[in-house]
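The next block holds one structure in the form of structure tokens; read it before the comments.
Owing to the predicted nature of the structure, the values given are computational and were not obtained by experimental measurement. Excluded from the calculations below are hydrogen atoms, water molecules and symmetry mates; all remaining heavy atoms, backbone and side chain alike, are included. Every chain is numbered from 1, with letters handed out A, B, ... down the list of sequences.
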Amino acid sequence: MNYWLVKSEPFKYSWDDFVKEGKSVWDGVRNYQARNNMMAMKKGDWVFFYHSNEGMEVVGLAEVQKEHFPDPTTEDPRWVVVELIPVKKFAKTVTLKTMKADDRLSGLALIKQSRLSVTPVAKAEFDIILSLAE
DNA sequence: GCCAACGTTGGC
DNA sequence: GCCAACGTTGGC
């Protein structure tokens, strides 16, 4: 079981859009590192849903429903997508500010590589963020 | 709106 | 294969 974090700009695709649709094919990723992370996702892995730009906070938890398959939005065979389903919206969102202020989260890939749209989350980090969300 | 960080492209 | 130029992302 692995843990991840995906970013989305809420005015493009928000948590509410995600819940409304009931699932999401995570397409449009055009970065090798992010792609590699998606290829490492397994069905049942948990994924934090983070709002970038506006909000800058983790808003909910998703689950990997389908492991990687070719990105239907491009002919280019290099790119893949995964399918995610919403699990739950957090009672309390966890802001970037909060995570940055927490020493235990100083190694978080989200913080170290702020431009990467799909990042891994260590189990310890996952547990900490989850505890902050309740 | 600015700018730092970083990835990609293309000329040599 | 190097590196300058350029584009994009995302925090502030």
Side-chain angles (χ1 to χ4, degrees):
Chain A
M1 166 77 107
N2 287 305
Y3 306 92
W4 311 93
L5 181 147
V6 295
K7 296 201 280 199
S8 183
E9 299 177 63
F11 45 89
K12 276 191 197 152
Y13 191 81
S14 70
W15 171 263
D16 288 341
D17 296 331
F18 182 34
V19 170
K20 211 174 297 169
E21 290 174 18
K23 64 176 183 179
S24 177
V25 173
W26 212 255
D27 60 27
V29 172
R30 296 291 180 270
N31 171 285
Y32 287 109
Q33 245 182 303
R35 192 247 355 224
N36 291 345
N37 288 336
M38 289 207 295
M39 289 177 78
M41 287 185 188
K42 298 287 181 201
K43 185 174 161 68
D45 279 359
W46 277 343
V47 184
F48 285 134
F49 194 107
Y50 174 83
H51 279 170
S52 64
N53 270 311
E54 254 175 48
M56 292 185 282
E57 58 193 2
V58 178
V59 290
L61 182 65
E63 181 182 336
V64 177
Q65 170 85 348
K66 265 192 205 159
E67 293 175 18
H68 68 91
F69 56 96
D71 189 334
T73 65
T74 177
E75 296 292 309
D76 194 325
R78 292 176 301 170
W79 306 117
V80 302
V81 296
V82 291
E83 189 177 295
L84 304 177
I85 53 170
V87 175
K88 69 167 177 177
K89 187 186 174 101
F90 290 146
K92 282 195 292 183
T93 59
V94 183
T95 63
L96 182 64
K97 197 178 164 202
T98 301
M99 292 188 282
K100 275 190 164 174
D102 196 317
D103 289 341
R104 297 171 301 171
L105 297 174
S106 60
L108 202 62
L110 173 72
I111 293 168
K112 291 169 75 179
Q113 275 180 285
S114 65
R115 291 185 58 228
L116 196 58
S117 59
V118 181
T119 57
V121 178
K123 167 125 178 61
E125 295 165 344
F126 181 87
D127 290 343
I128 292 163
I129 294 169
L130 203 57
S131 74
L132 295 172
E134 289 164 344

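Using bins of under 30°, 30° to 60° and over 60° for the plane-to-plane angle, the ring pair Y13(A)/F49(A) lands in the tilted bin.
No donor-acceptor pair under 3.5 Å is formed between the side chain of E83(A) and the backbone N or O of Q65(A).
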**Message:** One pair to check against ring pair (Phe, Tyr, Trp, His ring centres under 6.0 Å): Y3(A) and F48(A). What are the steps and the verdict?
**Reply:** CA-CA 8 Å; Y3(A) 306 92; F48(A) 285 134; 8.2 Å; no
**Request:** Begin from the C-alpha positions of K88(A) and E134(A) and carry the test salt bridge (Lys or Arg N to Asp or Glu O under 4.0 Å) through to its verdict.
**Result:** CA-CA 11 Å; K88(A) 69 167 177 177; E134(A) 289 164 344; 3.3 Å; yes
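Within the 4.5 Å cutoff, the side chain of Y32(A) has heavy atoms near those of the W79(A) side chain.
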**Request:** Any chance you could list the contact pattern along nucleotides 1-6 of chain C? Use B for base contacts, S for sugar-phosphate-only contacts and - for none, protein heavy atoms under 4.0 Å, 5' to 3'.
**Result:** ------
Atom pairs, protein N/O to nucleotides 8-12 of chain C N/O, distance under 3.5 Å:
from, atom 1, to, atom 2, distance (Å)
dT8(C), O2, R115(A), NH2, 2.9
dT9(C), O2, R115(A), NE, 3.3
dG10(C), OP1, K7(A), NZ, 3.3
dG10(C), OP1, R115(A), O, 3.4
dG11(C), OP1, Y50(A), OH, 3.0
dG11(C), OP2, N53(A), N, 3.0
dC12(C), OP1, K100(A), NZ, 2.6

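Within the structure, side-chain hydrogen bond (donor to acceptor under 3.5 Å, both in side chains) contacts touching residues 44-54 of chain A (residues at least two apart or in different chains) are W4(A)-D45(A), E9(A)-N53(A).
For the residue pair T95(A)/E57(A), the side-chain donor-acceptor check at 3.5 Å is not satisfied.
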